[in-house]
Each structure stands twice: as C-alpha cells, then as structure tokens.
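Below is one structure, written out as structure tokens; comments come after it.
In what follows, every heavy atom counts, from backbone to side chain, and hydrogens, waters and symmetry copies are set aside.
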Amino acid sequence: MNAVKANGVNITLPNAVSCPVCQQGKLIRRKGKNGYFHACHRYPDCKTVFPDDKGTPNLNPTPKTSSNVKKSETEFCKQCGNPLIRRPSKKADTFWWGCSGFPKCKVRFFDRDGKPDRDRGEL
C-alpha cells in the first residue's frame, strides 16, 4: 500500500492517444449525458476534452459557435461597449442576447421581439 501511495500505479493504455495539452496523460473514451467524448486520464489535473469521432478523438473540432450567429450592428453592451449577439436558446423558437465580450463580460438579456429586453434587466 505504501509503495502505491509513493509511486502511484502504472497504467498502460494500448493504442491510446497522448494528451496534446499536458503531454503526460492519455486520452480515454468516456460516456457522458450527451454521448461519447475523449478526456485526459489525468483529470482533474488536466481537463482536456475532445469530441468523439467514430471511436477516436477528434483533435481538430469545429468551433461550437454557429455560422448564423452574428454580432449586432445596433445593439451594444453598456458595460464594455462590445456588440451583443442574439443566440438561440434550448427551447424552440426562443432567443437570448449575450455580450460578444464573453467570458470577460457576462451581460445577458432576454429577447423581446428581436431586441434585448433591457426593461426586464440583465439576467
């Protein structure tokens, strides 16, 4: 027991892809609530995650931002001055507004008739 505490356990993962971020761990396939993904086995020290592509990690994933998401030319964040972005919500046919300066600026609004609902206030 003391040897394991001092030296750890040597884990060999055949055909595993090395973690491109920490260079020490291996990416292993895991199943989450949204399906399979690949994560570094050194979690929580390394939080690297890649989507699954037919059983192998997709090391070049496409960005999650949708191509139809555009910065507003008329609506701006009053906190930082960046344009706001109208985004679709999880509920069908509903939207919300967020600052394009995210994650530094976390200003968000409900949508009302295609405009940020400033009367209702920030979320």
If you measure from [atom1] on [X] to [atom2] on [Y], what distance do you get to the nearest 0.5 Å?
X: Cys22; Y: Tyr43; atom1: SG; atom2: OH; answer: 14.0 Å
X: Thr48; Y: Leu59; atom1: OG1; atom2: CG; answer: 10.5 Å
X: His38; Y: Asn58; atom1: NE2; atom2: CG; answer: 9.0 Å
X: Phe50; Y: Cys19; atom1: CZ; atom2: SG; answer: 6.5 Å
X: Lys70; Y: Arg86; atom1: NZ; atom2: CZ; answer: 12.5 Å

Residue pair [X] / [Y], side-chain heavy-atom distance below 4.5 Å:
X: Phe95; Y: Pro88; value: yes
X: Pro20; Y: Leu27; value: yes
X: Asn82; Y: Lys71; value: no
X: Arg112; Y: Asp119; value: yes
X: Lys78; Y: Arg118; value: yes

Check your understanding: Does NZ in Lys106 sit with more than 12 non-hydrogen atoms of other residues, nucleotides or ligands closer than 6.0 Å?
Key -> yes

Review point. Around Glu73, counting heavy atoms of other residues, nucleotides and ligands shown, do more than 12 lie under 6.0 Å from its CD?
Key: no

Review point. With Gln24, which residues qualify under side chain to side chain donor-acceptor pair (under 3.5 Å), at least two apart?
Key: Arg42

Check your understanding: Which residue, Arg30, Lys31, Arg29, forms the salt bridge (charged side-chain N to carboxylate O under 4.0 Å, His left out) with Asp52?
Key ->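 Looking at Arg30, Lys31, Arg29, the match for Asp52 under the salt bridge (charged side-chain N to carboxylate O under 4.0 Å, His left out) is Arg29.
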
Exercise for review: In sequence, state the C-alpha distance, the side-chain angles, and the governing distance for Leu84 and Cys99, and then conclude on side chain to side chain contact (heavy atoms under 4.5 Å, CB included).
Suggested key: CA-CA 5 Å; Leu84 296 178; Cys99 181; 4.3 Å; yes

Exercise for review: Kindly give the heavy-atom pair with the smallest separation between Cys105 and Gln79, and that separation in Å.
Suggested key: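 Closest pair (atom of Cys105, atom of Gln79, distance): SG-OE1, 3.7 Å.
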
Check your understanding: Would you find a donor on one side and an acceptor on the other, under 3.5 Å apart, between the side chain of Ser89 and the backbone of Trp96?
Key -> no

Exercise for review: State plainly whether one hydrophobic cluster holds both Trp97 and Ile85, where clusters connect Ile, Leu, Val, Met, Phe, Trp and Tyr through side-chain heavy atoms under 4.5 angstrom apart.
Suggested key: no

Exercise for review: Output all residues satisfying side-chain contact (heavy atoms from CB on, under 4.5 Å) with Ser18, sequence neighbours left out; order by chain, then residue number.
Suggested key: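 Here the qualifying residues are Lys26.
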
